[in-house]
Amino acid sequence: MKKNVASICCVAFTSLLLACLCARAQAPVAAETPAQRDARMAWWREARFGMFVHWGLYAVPAGEWKGRTDLAEWFMDATGISREEYAKFAAQFNPVKYDPDEWVRIAKNAGMKYIVITAKHHEGFAMWDTKGTDYNIVQRTPYAKDVLKPLAEAARRAGLHFGTYYSIMDWHDPSQSPAQPGKHYNPTKMDPARKRAYIEEMKTELAELIHETHTEVLWFDGEWMDWWTNADGRELYAYLRGLAPNLIINNRVGNSRNGLMGMDKGEGVGDFGTPEQNIPAQGFGPGVYWETCMTLNDHWGYNQHDNHWKSPEVVIRNLVDISSKGGNYLLNVGPTAEGTIPAPAVTILGEVGKWLNVNGEAIYATAPTPFAGDHGHWEADAKADGKDKRHWIPRWDWRATSKPGKVYVHLFEWPGKTLRIDVGAVKVKAATLLADPKHAPLKFVQDGKTLDVQLPDKPLDPIDTVLVLDTAK
Ligand code: H79
């Protein structure tokens, strides 16, 4: 017990220390109070669900090369193709079917509230009309037009927010070369004499994205090379917020991310953490923003052979799980080189949108679960590299989200006639089902923290039927 108290104190002290360090890390924009930060983050926090788009030259080979079929946006690194050979794909990039309004319709129909698209991935190819590099869509492709500004404008017309992905690492730029013998492109090493000029090129390009597309999110990636430091990240962060005070910037602008877990190790830079292809076991408390990014199949960029799609059920459960922990879900599609979003993705997203049409109240602008307790357990991984590792196995029984005066209990598994849950200190005043148009009151009994609710025989939605608890205000 003593040990627990000590470790809690230790955690509290460490958090305080980290909070101070983080506050110091943000010094160039220190004028912002926590309340101002929450206000800046408000649209993003309430949005919960966004579309990630990975689109670049890698869409041309569509995942295939010399008998391999497992490729996508890491094509250059995985194949070791020369820069010159790879650059030739630009001559075949002609997305004549690109219709930004259609992409926005697909996102909106899925219930997504924002779109984040790759302006430039690790390949170094710019998808807009830029002065930063001639390796861009206008100068190198038969299409010869910017694709970002039209998407930004279509998104705004439909009431969606717009953001851009930007890789700090660049496999094409002459400032960088492969850092490790036997490895193709990743990670890069930087020619020290060229680092300043490269950062200036980045700033030119990022300023264009701000001025041309009014990008509201800058989603950095490819930040893990030795030559990119937290100090570089802080400088870039301050520069960008100086240009656009309301801009939201992910933590990959710095270099202290804890791998694919995505949160910062110690002192961090940026506004939100970025778990990749995983959902944290728990949330991180108020004021810590995070967003899980995930593929809808098994690749980010278009791969013509990848038909391993997540079902609408899996996507909805993930969105609910993330919402119950206070995070956002950025779900990816990889369009073809012709400019279309693969049909299976459109169908799956449409199903998710149908569920959100009925149940969106229990997702958008919600707060995390007010209940204690886990929905899963840890499992040890094989210690292949001698390091202790474990991963979280979720239990898909139910989750909760909340709003002032309401708790939404998302029932993935139908518990039978009676649902019994531990509601802790929450005092329940009424119970209804969100998908019941009549909102017929359900019978319930609360005995201390134990709540029993009488349910119909069958779920109203086999994926997730939402029970609404009105609570004491
Ligand atoms: O754009 C998509 C992927 O192409 C990109 N991020 C998503 C959003 C991505 N880059 N790398 N990976 C995915 C997986 C590779 C991770 C590693 Fe690492 C890079 C392992 C070692 C270096 C990340 C950074 C994990 C540890 C350090």
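We count ligands from 1, going down the list as the structure has it; atoms in each ligand are counted the same way. Position 1 is the first residue of the sequence, and the numbers go up from there.
For atom 10 (N) of ligand 1, the closest non-hydrogen atom on the protein side is W74 CZ2, 3.2 Å. Nearest non-hydrogen protein atom to atom 16 (C) of ligand 1 is L260 CD2, 4.4 Å. Atom 18 (Fe) of ligand 1 has W224 CD2, 4.5 Å as its closest protein atom, hydrogens excluded (heavy atom only). The protein non-hydrogen atom at the shortest distance from atom 25 (C) of ligand 1 is G259 CA, 3.6 Å.
With sequence neighbours excluded, no residue satisfies side-chain hydrogen bond (donor to acceptor under 3.5 Å, both in side chains) with N278. Here K97 pairs with E338 under the salt bridge (Lys or Arg N to Asp or Glu O under 4.0 Å) rule; sequence neighbours left out.
In this structure, CD1 in I316 is found 10.5 Å from NZ in K354, a value given to the nearest 0.5 Å. The CD1 atom of I363 sits 11.5 Å away from the OH atom of Y329 when rounded to the nearest 0.5 Å.
In terms of polar-atom proximity, E276 is counted as a contact of ligand 1, with an N or O under 3.5 Å from an N or O of the ligand. At least one N/O-N/O distance between H121 and ligand 1 falls below 3.5 Å. At under 3.5 Å, not a single nitrogen or oxygen of W219, backbone or side chain, sits near a nitrogen or oxygen of ligand 1.
Remark: the Y289 side chain and the R45 side chain contain an N/O donor-acceptor pair separated by less than 3.5 Å. For Y166 and D221, the side-chain atoms include no donor-acceptor pair closer than 3.5 Å. Side chains of Y86 and E123: a donor-acceptor N/O pair is present below 3.5 angstrom, by distance only. Neither side chain, T69 nor E64, offers a donor N or O lying under 3.5 Å from an acceptor on the other. Under the 3.5 Å distance criterion, with hydrogens and angles disregarded, a donor-acceptor pair is assigned to the side chains of H121 and Y165.
At a heavy-atom cutoff of 4.0 Å, ligand 1 is contacted by the side chain of D221 but not by its backbone.
Within 4.0 Å of atom 20 (C) of ligand 1, not a single protein heavy atom is present.
Under a 4.0 Å criterion applied to the non-hydrogen atoms of Y165, ligand 1 contributes the atoms 1 (O). Short contacts between ligand 1 and H122, defined as distances under 4.0 Å to a heavy atom of the residue, involve ligand atoms 10 (N). Of all atoms in ligand 1, numbered sequentially from 1 with element shown, those under 4.0 Å from a heavy atom of E73 are 3 (C), 4 (O). Applying the 4.0 Å criterion to heavy atoms of H54 picks out, from ligand 1, the atoms 1 (O), 2 (C).
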